[in-house]
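These notes are about the structure you will find just below.
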Amino acid sequence: MAGSVAGHGELNEMPELPEVETVRLGLAAALEGRRLKRVEARRGDLRKPFPERFAARLAGRSVLSLRRRAKYLLLDLDHGETLIMHMGMSGRFTIHARNAPASGSGKHDHVLFETDEGVRIVFTDHRRFGLMTLAPTEELDAHPLFEGVGPEPLDDDFTPAVLSAALKGKRTPIKAALLDQRVVAGLGNIYVCEALFRARISPKRLAASVAGARAARLVPAIKAVLNEAIAAGGSSLRDYAKADGELGYFQHRFRVYGREKKPCPVCGKPIRRIVQAGRSTFFCAHCQK
DNA sequence: CTTACGGCCTGTACGC
DNA sequence: TGCGTACAGGCCGTAA
């Protein structure tokens, strides 16, 4: 029985912070404290080439911990290197129990991991927007991938004052600013739309004007939408633990995302869809100012 | 310095 | 039925 821990139950649902966090919890259970018996990269690149001797550098290493920073997974290994992984838009991990049928040879199955327990983890990514690379654990904070990345939104030090400071002087719409990982880490199109709806802030509003009372609403709104989605993901992991097979951890219903022309859950007026910076934005023009 | 935009990649939905 | 096209969007390189 295989359990996918990057559930994409429905179209348009991409790995943002809550999904990555759910994947982290699912993978950690299979990997932490285990040794990687075998690793195989079945092609030379995803979005970027794999590093030199990628599989060989991982094979035989023990897993110390699996962490997350922004939308990246960080697999700390016992030789002082960390495997940095990003799922892009279509990446997913599937865990196969020791005696499960052969797996990992699908067209888009790009990386295979096998632990000393015989558990197989398959990374599948049909669009190959994902990324895997290696870096010294000690130097992660200075790694180019993380240079300038903003605060973790669920940390206590992500406060309205911190957000206001990051938005100060920004001439873009707040929607675009929240997608900028330098402002705050881990948000994507879905949760930005949801957070702005909760905070009753128009996605078209100038970023610099989100301060004071608006920032004071937006920060808890961001934390709430993320925490609720993580909780939903945790529920689905428990379903997986019951060997339920196909896992969809988005039982979660979004309030505005993907709901163009459907009634606003607050006022009943139709949800609107606009395009900002080439991306769909969903919002309620009546509730969000 | 900032902001804007095209390209990457492929499966899916939709119109004719 | 089949084909072509638009769309999904995180991230990055380049341009303005």
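Predicted model only: the values in this text are computed from it and were never measured. Proteins come first, then strands; the chains are lettered A, B, ... in the order of their sequence lines, and each starts at number 1.
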- Hey, does the side chain of A:H86 come within less than 4.0 Å of C:dG10's phosphate (OP1/OP2), counting only N and O? no
- Message: Contact between A:T137 and A:L64 at the side-chain level, heavy atoms closer than 4.5 Å - yes or no?
- Response: no
- Is there a donor in the side chain of A:R273 and an acceptor in the side chain of A:S280, or the other way round, less than 3.5 Å apart? yes
- Could you tell me the separation between the CG atom of A:N189 and the P atom of C:dA8, rounded to a whole number of Å? 9 Å
- For C:dA8, take OP1 and OP2 only and decide whether either is under 4.0 Å from a side-chain N or O of A:S280. yes
- Query: Atom OH of A:Y72 and atom C1' of C:dC11: how far apart are they, to the nearest Å?
  - Reply: 7 Å
- Rounded to 10 degrees, the angle between the two terminal axes of the helix from B:dT2-C:dA16 to B:dC16-C:dG2, each from five pairs: 50°
- Message: Taking only side-chain N and O atoms of A:H108, does any of them lie within less than 4.0 angstrom of OP1 or OP2 on B:dG11?
- Response: yes
- Message: Any base atoms under 4.0 Å from A:L46, or only sugar-phosphate, or nothing? Heavy atoms, all strands.
- Response: nothing
- For A:T281 and A:Q276, test the side chains for any donor-to-acceptor distance below 3.5 angstrom and give the result as yes or no. yes
- Message: In whole Å, I'd like the distance from the CG atom of A:L179 to the C1' atom of B:dC5.
- Response: 15 Å
- Message: Check this one for me: any side-chain N or O of A:Q181 less than 4.0 Å away from OP1 or OP2 of C:dG10?
- Response: no
- Round to the nearest Å and state the distance from A:Q276 atom CD to B:dC5 atom P. 12 Å
- Task: Using the side chain to side chain donor-acceptor pair (under 3.5 Å) rule, pick out the option among A:E16, A:E194, A:K175 that qualifies with A:N189.
- Result: A:K175
- What integer distance in Å separates A:M87:CE from C:dA8:C1'? 16 Å
- Task: Report which part of the nucleic acid A:L131 touches: base, sugar-phosphate, or nothing (heavy-atom distance under 4.0 Å, all strands).
- Result: nothing
- May I ask you to verify if any side-chain N or O of A:R47 is less than 4.0 angstrom from the OP1 or OP2 atom of C:dG10? no
- Message: In this structure, how many angstroms lie between the P atom of C:dG10 and the CZ atom of A:R92, rounded?
- Response: 16 Å
- Which of B:dT10, B:dA4, C:dA8 is nearest the side chain of A:R128? It is B:dT10
- Message: Between A:D76 and A:R67, does any side-chain N to carboxylate O distance fall below 4.0 Å?
- Response: yes
- Between A:R61 and A:E81, does at least one N-O distance fall below 4.0 Å, as a salt bridge requires? no
- A:R34 versus A:S62: any side-chain heavy-atom pair under 4.5 Å? no
- Message: Taking any heavy-atom pair under 4.0 Å as a contact, classify A:K107: base, sugar-phosphate, or nothing.
- Response: sugar-phosphate
- Do A:L77 and A:L36 have side chains that get closer than 4.5 Å, going by heavy atoms? yes
- Query: For C:dG10, does OP1 or OP2 lie under 4.0 Å from any side-chain N or O of A:K71?
  - Reply: no
- Item | Comparing A:H126 and A:P173 on DNA chain B - which has the more 5′ nearest nucleotide | A:P173
- Nearest-angstrom distance from the residue atom CG of A:L145 to P of C:dG13: 10 Å
- Message: Taking any heavy-atom pair under 4.0 Å as a contact, classify A:R279: base, sugar-phosphate, or nothing.
- Response: base
- Task: Ignoring backbone atoms, establish whether A:R43 has a side-chain N or O less than 4.0 Å from OP1 or OP2 of B:dC9.
- Result: no
- Message: How many whole angstroms separate atom CG of A:D180 from atom P of B:dA4?
- Response: 11 Å
